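Below, all heavy atoms of this structure are taken into account, side chains as well, without hydrogens, waters or symmetry copies. From a predicted model like this one, the values you see are computed outputs, not experimental measurements. Atoms within each ligand, like the ligands themselves, are counted from 1 in listed order. All residue numbers refer to positions in the sequence shown, counting from 1.
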Amino acid sequence: MPSDESPGPSVTSNTSSATEQISDIERYSRQVLFPGIGAAGQQRLAEAHVAVIGCGAMGAASSSLLARAGVGTITIIDRDFVEASNLQRQVLFDEDDARQSLPKAEAARRHIARFNSGIRVHSQIADLVPANIAELLAPANILLDATDNFETRYLINDYAVREAKPWIYAAAIGAYAATMNILPGSSAAEYTPTACLACIFPKPPSGNVETCDTAGILSTAVNLAASVQVTEALKYLTGQPHLMRRTLLSFELWNPATGARLEQAEISAATPRPDCEVCGQRIFTHLAGKNRAHITLCGRDSVQIHEHHRPVDFAAMRTRLAAHADIQDLRSNDLLLRFRRGPHTLTLFPDGRAIVQGTTDVMLARSLYARFIGS
Ligand SMILES: [Zn+2]
């Protein structure tokens, strides 16, 4: 007699398929067939560690490509959380992440675990600064730039040149994408050094720099730069740095103002500039700099408050904030505490860092922080 308690065959088979190991042989079979990778290259990827700095559109695309390719360990560093306006281009995130305001590094780690549980992902919810750069980046074989600002890129360049660690610049704005491999020299390096970022651009761009806030951004431009960036990283990680591009490569995919259809440009970055302050004279001003205090965040109408490095007790903070009559939507989890006060939303991270949304006025953001979180 059939019994209600006996498990049906479909239940049993679902349970087993949910826990069945996916074999690496099957997973990477098409990539191993490619002669540039092969079985030996795939093994090298499994042993590699890549750091992705920033997990906006570029970082989400690059991390996803690295993870699917089987890079064994990925460190993802990001200071921000997921918002609805990210979903147009940040391919690792979904609507639930935006509703929960999940930190991007952690959301990325969770999504990657769903399509490749065989690799390790370290999520670092932090702003990359001189004080933490060595700890965060030292274990990585190569560094991928997915930041949205030149200040961090010059910091990465200083560190990478000092430590002779390769890094790959990548940027996108509007329908424009650019990328460059930086292979710093050292006696142990298995390659001829290239120019560094400061060889090509001695100073960060000044004046009105366009951001995704002012120029908008096409998802396709970001993904193009990420694809080139990760391909170059795969060459390095599989022991083929001699096949890496030695140029600053840029694409204009679509420009209604100039009528550009698809323009590509390359300028040589093949050799270091002998009088370069960073790789020539080894003066690392960005590494020596103090932590950045406050910055406005690209496209966000937000200010980051950064100077208060001390752990925060979320439970105690919740109790204290609940006493304020003008505070609304107070909520917290292990990763962040958030509340709204008038037109401003404050998001606090466990290390004391905060993002104040609804203003680009640093003084106002500081005063809100001091009043509600502490000085
Ligand atoms: Zn240089």
Participant: Before accepting this row, confirm whether a basic side-chain N of the pair Arg79/Asp127 lies closer than 4.0 Å to the acidic partner's carboxylate O.
Facilitator: yes
Participant: Below 6.0 angstrom between ring centroids: does that apply to His324 and Phe372?
Facilitator: yes
Participant: Can Arg44 and Glu47 be counted as an ion pair, charged N to O under 4.0 angstrom?
Facilitator: no
Participant: Going by an N to O cut-off under 4.0 Å, is there a salt bridge joining Asp275 and Arg273?
Facilitator: yes
Participant: Is the shortest heavy-atom distance from the side chain of Val50 to the side chain of Thr73 under 4.5 Å?
Facilitator: no
Participant: Counting no waters, what protein N/O/S atoms lie under 2.8 Å from the Zn ion (ligand 1)?
Facilitator: Cys196 SG, Cys199 SG, Cys276 SG, Cys279 SG
Participant: Quick one: CZ on Arg338 to CG on Leu330, what's the gap to the nearest 0.5 Å?
Facilitator: 11.5 Å
